[in-house]
Visitor: 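I have a structure I would like to understand better, so I am pasting it below and will then ask my questions one at a time.
Treat the numbers as computed from the prediction; the structure is a model and nothing was measured. In what follows, chains carry the letters A, B, and so on, assigned in the order in which the sequence lines appear, proteins first and then strands, with residues in each chain numbered from 1.
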There are 2 protein chains.
Amino acid sequence: MTVRVVLADDHQLLREGVAALLDRTSDIEVIAAVEDGVAAVDITSELGPDVVLMDVSMPVLNGIEATRSIVREQPAVRVVVLSMHADPHTVSTALAAGASGYVLKGCAAAELVAAIRSVAGGRGYLTPAVTGGVLRELSELRSTVVPALTSRERVVLQLIAEGHSTGAIALLLGISAKTVGTHREHLMAKVGVRSVAGLTKYAVRQGVTTLDHGE
Amino acid sequence: MTVRVVLADDHQLLREGVAALLDRTSDIEVIAAVEDGVAAVDITSELGPDVVLMDVSMPVLNGIEATRSIVREQPAVRVVVLSMHADPHTVSTALAAGASGYVLKGCAAAELVAAIRSVAGGRGYLTPAVTGGVLRELSELRSTVVPALTSRERVVLQLIAEGHSTGAIALLLGISAKTVGTHREHLMAKVGVRSVAGLTKYAVRQGVTTLDHGE
DNA sequence: GGCCACAATCAGAGAATTGCTGATTTCCCG
DNA sequence: CGGGAAATCAGCAATTCTCTGATTGTGGCC
C-alpha cells in the first residue's frame with residue numbers, strides 16, 4: 001500500500017528536494033514531478049495518483065484552478081495544497097476548490113508526510129497555523145449565508161423535525177397555528193429549503209433532533 | 001478496573017463453582033451470589049454491580065423478569081443471561097427484557113469470562129450457538145412488524161425525502177397526485193410514522209437519501 | 001428621547017395537501 | 001381458476017401551506 005504522489009511546483013530545486021524527502025519514506029512514492037498547473041492536470045489524468053502535492057503559484061495555470069479541475073474530473077484523487085502563505089483567503093479558496101489538505105512550505109518533512117498519509121486515508125489535513133483562520137472563516141460564512149436561527153425558531157424546528165403537525169406545535173407552545181406557520185416559513189427561508197423533508201435533514205445535521213425513532 | 005459481578009442461580013453448586021472460576025480471573029470479582037430473582041433485584045440495587053450473571057429458571061421471580069426489573073431501574077447494570085437452553089424464543093425474550101449477553105451453561109469458563117468482559121465494556125455477547133436463531137428471529141420480526149416497502153413506495157419515499165411536493169412527484173412519475181398520496185400513506189403506515197419528518201428520517205437511516213444538501 | 005431593525009405574534013384568502021373510504025386493474029402464486 | 005397484493009385513481013371534508021400584511025415588544029444606536 002504505497003501512496004503514489006504527483007508533485008507540482010515551478011521551482012526545480014523544491015521539486016527535487018521534496019521528492020528526495022518523500023522517497024525516504026517507504027510508503028510514499030513520487031511518481032511524477034511537473035512544473036505548471038496544466039501539466040499537473042494532464043499527468044494526473046494519465047497516472048491517476050493517490051495524492052497531488054500542489055503549489056499555489058505556478059505559471060500557465062495556478063494551483064487553485066488546477067485543483068478545481070482535478071477534483072472535478074477525478075474525485076478519487078486527493079489534493080494537498082503546498083503554499084508559502086497562511087492567509088485565510090488563500091486557504092479557504094483552496095479548500096473551496098476541493099483541496100483535502102493545506103500545508104506551508106515552511107513545514108517540517110514529517111508534517112508533509114503526515115499530511116499526505118492523512119489525505120490518502122480519506123481524511124483531511126490542515127497545518128495548525130491555518131486552522132484558526134479557517135474556523136473563523138467558516139463561522140462567518142455560516143452566519144452570513146445561513147442566518148442564525150432565533151431561539152423560537154429552533155424550538156419550532158425541533159418540533160417539526162419530531163413530526164408534530166402545525167396545530168400540535170401551536171398547542172404545545174400555546175401560540176396560534178398561524179404563528180407556527182410563520183416560523184416555519186422563516187426557517188425554510190433561512191435554511192434555504194422549501195419542504196419539511198429539507199428542514200428535517202437540517203435539524204438532524206444540526207443535532208437538533210435525532211435519527212432514532214421515526215418521529 | 002475490576003468488573004464487579006453479582007451471580008444469581010438457584011443451584012448452590014453452580015454458584016460456588018462459577019464464583020471459583022471467575023475469581024481465578026484477576027479482573028473479575030464476584031461480590032454476591034443469590035438464589036432467586038427477588039434477591040437478585042434487591043442485591044443489585046444495593047450493591048450496584050457492573051454485571052449480573054442471571055440464571056433463567058429461578059424460584060420466586062424468574063431470571064427474565066428479574067432482568068426486566070433490573071434494567072428498568074438501573075440501566076447502567078448489564079445483565080448476562082445464563083441458560084441451559086438455546087431455543088430462540090427464550091433467547092429473544094431475554095434480550096427483549098434488556099439482557100446484554102446470553103451464554104449457555106454448557107460453555108467453557110473462558111467464554112463466560114469473555115461474555116462478562118464484553119458486556120462490561122458496553123458491548124453485547126451472544127454465544128455462537130444462539131446467534132443464528134436470533135438473526136432469523138430478527139429478520140422475521142422486521143418483515144412482520146415493518147413490512148417490506150414495494151419498489152414504487154421506495155421511489156416515492158426517496159422523492160419525498162428529497163423535498164418534492166406531492167404534485168411534483170406526480171409529475172415526475174407521470175401518475176396522479178392522488179396515487180402519490182396513497183403511496184405516502186402506505187409508507188407512513190408501514191414505517192410507523194405520521195409525518196414527512198418521520199419519513200425523511202427513515203429514508204436517511206435506510207440510505208435512500210442523503211443528509212447532504214438541504215433538499 | 002426618538003428611531004430602526006428584528007423577533008414574535010397573529011390574520012385573511014385562495015391553493016395545495018392530507019386523511020379516509022372506496023374502487024379498479026393487473027399480475028403473480030398456489 | 002381463485003386469492004391476494006401492488007399500483008392506480010376519485011371524492012370530500014379537514015388541515016395545512018403560501019403569500020401578503022399588520023401589530024407589539026425589545027434592544028441598540030444617534
Visitor: Among Leu21(B), Leu22(B), Leu104(B), find the one that has a side-chain contact (heavy atoms from CB on, under 4.5 Å) with Leu112(B).
Guide: Leu22(B)
Visitor: Compare side-chain N and O positions of Thr179(B) against OP1 and OP2 of dA10(D) and report whether any pair is under 4.0 Å apart.
Guide: no
Visitor: Using atom CG of Leu171(A) as one end and atom C1' of dT15(D) as the other, report the distance to the nearest whole Å.
Guide: 13 Å
Visitor: Taking side-chain contact (heavy atoms from CB on, under 4.5 Å) as the criterion, tell me which of Glu153(B), Lys178(B), Met188(B) meets it with His183(B).
Guide: Glu153(B)
Visitor: Taking only side-chain nitrogens and oxygens of His183(A), does any of them come within less than 4.0 Å of OP1 or OP2 of dT9(C)?
Guide: yes
Visitor: Is the phosphate of dT17(C), meaning OP1 or OP2, less than 4.0 Å from a side-chain N or O of Ser165(B)?
Guide: yes
Visitor: Of the nucleotides dT18(D), dT8(D), dC17(D), which has the atom closest to the Met188(A) side chain?
Guide: dT18(D)
Visitor: Report the distance from atom CG of Leu199(A) to atom C1' of dC17(D), rounded to the nearest whole Å.
Guide: 13 Å
Visitor: Nearest-Å distance, CZ (Arg152(A)) to P (dT26(D))?
Guide: 15 Å
Visitor: Between dA16(C) atom P and Lys178(B) atom NZ, what is the distance in whole Å?
Guide: 13 Å
Visitor: Heavy-atom count check: over 12 atoms from other residues, nucleotides or ligands less than 6.0 Å from Glu111(A) CD?
Guide: yes
Visitor: Measure from CZ on Arg184(B) to P on dA7(D) and round the result to the nearest Å.
Guide: 16 Å
Visitor: Separation of His164(A) atom NE2 from dT16(D) atom C1', in whole Å?
Guide: 17 Å
Visitor: Nearest 0.5 Å, what's the CG-CG distance between Leu7(B) and Leu14(B)?
Guide: 7.0 Å
Visitor: Evaluate Leu157(B) against Lys190(B) for side chain to side chain contact (heavy atoms under 4.5 Å, CB included), listing each step before the verdict.
Guide: CA-CA 12 Å; Leu157(B) 172 62; Lys190(B) 285 184 177 178; over 6 Å; no
Visitor: Between Glu185(B) (CD) and dA23(C) (C1'), how many Å, whole number?
Guide: 15 Å
Visitor: Specify the separation, in whole Å, of atom NE2 of His186(B) and atom P of dG22(C).
Guide: 14 Å
Visitor: Please tell me which of the listed nucleotides, dC10(C), dA8(C), dA7(C), lies nearest to the side chain of Lys190(A)?
Guide: dA7(C)
Visitor: Are OP1 or OP2 of dT9(C) and a side-chain N or O of Ser176(A) less than 4.0 angstrom apart?
Guide: no
Visitor: Quick check: any donor-acceptor pair below 3.5 Å linking the side-chain of Thr182(A) to the base of dC10(C)?
Guide: yes
Visitor: Taking the side chain of Thr150(A) as its heavy atoms from C-beta onward, which of dA7(D), dA8(C), dT18(C) lies nearest to it?
Guide: dA8(C)
Visitor: Describe the nucleic acid contact of Ser151(A) in one word from base, sugar-phosphate, nothing, applying a heavy-atom distance below 4.0 Å.
Guide: sugar-phosphate
